[in-house]
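What follows is a set of notes on a single structure, which appears directly below.
Per chain, numbering begins at 1; letters A, B, ... match sequence-line order.
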Amino acid sequence: MKKRLYAGDIAIVVCILAACIFAGLYFYMPSKDAADAFVAVTVDGTLYGTYSLNEQTDEWIADTGVRFIIEDGQARIAESDCPDGTCMSSGTVTASSPSGKSIVCLPNKVAVTKKTEVQTDGAESGVDAIVG
Amino acid sequence: MSDKRHSAKTAVICALLAVLGAVLGILEGMLPLNLVLPIPGVKLGLANLFIMCAFLMYGAPGAFAVSAARILLVFMFSGNVTAFLLSSAGGAASFIGLWVMMRFYGRRCTMIGISAVSSALHGVGQTAAALCLIGTPVLYYLPVLCGCCALTGVFTGALTNRIARRLPDMTSILAQNNH
């Protein structure tokens with residue numbers, strides 16, 4: 001090798017990081033506290049249920065061994081039988097989280113995603129009305 | 001060149017690389033990186049190092065063989081189907097990136113840049129597979145995942161550079177480019 005580091009290397013890494021940073025800044029903007037903020041729980045890609053962030057919930061998701069809790073406006077995965085446990089240290093989803101922020105348990109294929117009424121994707125949610 | 005490609009020595013060395021990649025992959029999977037960075041799927045990606053070495057020694061077919069063998073070995077040891085599917089998708093995307101970027105090797109960039117691209121694409125491929133299995137929520141992690149993958153890619157790329165320098169006879173593509 002003539003040189004240890006080429007200009008091309010730096011250019012490539014800078015481009016990738018810049019793209020990631022810009023995408024991150026765009027997607028991770030906290031959203032305004034919305035009274036109608038809720039979380040949609042999906043299992044294996046299909047909607048399992050939606051829960052308002054304003055109510056206390058403590059539920060074991062059927063067939064998966066994942067327990068998710070909503071407490072004081074924060075949703076998180078409290079227990080899981082998955083081998084790595086990333087989901088439990090992924091933090092919480094609150095009303096001020098960016099819309100789309102999710103906590104995912106890969107082995108169990110469970111995702112808890114924050115949404116607001118305005119952002120609901122019609123094709124994805126199979127519910128006609130949100131209770132709560 | 002064709003003798004070198006099809007000899008028994010080639011097969012043995014590719015097998016060694018595949019096993020090394022698989023074992024290091026399993027070991028690094030035990031590191032609790034999840035506590036430092038709670039991103040599903042983040043890991044050091046040391047296996048990519050061996051795949052890149054395979055590319056330097058035996059070109060695209062060698063790298064593909066090592067990559068496929070490594071993924072299958074890890075699946076055989078872990079038995080985790082989800083991980084296998086995600087790993088295959090990531091490995092495929094990563095290999096394609098490696099293949100394309102190697103054209104620039106020695107002329108515009110070293111393995112550092114190539115590895116960054118390869119690792120980032122691994123993240124993209126993995127997210128694409130997770131998209132099919134789990135749904136759109138995984139897209140949330142894409143920017144962070146790719147950023148981290150690019151950084152670990154720099155690390156493995158630097159290591160590959162050093163290996164390539166120490167083994168000039170084996171890394172024949174290096175010799176072909178007269179570097």
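Of all the listed residues (B:L142, B:I134, B:L145), the one sharing the greatest number of non-hydrogen pairs under 4.5 Å with chain A is B:I134.
Neither the backbone nor the side chain of B:L139 has a heavy atom closer than 4.5 Å to any heavy atom of chain A. Residue contact with chain A, scored on non-hydrogen atoms closer than 4.5 Å, involves the side chain of B:V154 exclusively.
Judged purely by atom type and a 3.5 angstrom limit, B:T127 uses its side chain to pair as donor or acceptor with the backbone of B:G123. Listed for the B:Y140 side chain is no donor-acceptor partner under 3.5 Å among the backbone atoms of A:I103. Checking side-chain atoms of A:T42 against main-chain N and O of A:L47 turns up no donor-acceptor pair under 3.5 Å.
With 3.5 Å as the limit, one finds a donor-acceptor pair spanning the side chains of B:T10 and B:S7. B:S119 and B:T152 are not linked by any side-chain donor-acceptor pair at a separation below 3.5 angstrom, with hydrogens and angles left out of the test.
Residues satisfying the ring pair (Phe, Tyr, Trp, His ring centres under 6.0 Å) criterion with B:F95, sequence neighbours excluded, are B:F64, B:W99.
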Might you work through the side chain to side chain contact (heavy atoms under 4.5 Å, CB included) test for B:F50 and B:R70, ending with a clear yes or no? CA-CA 10 Å; B:F50 298 106; B:R70 194 258 316 185; over 6 Å; no
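Using a 4.5 Å heavy-atom cut-off against chain A, the contacting residues of residues 76-86 of chain B are B:T82, B:L86.
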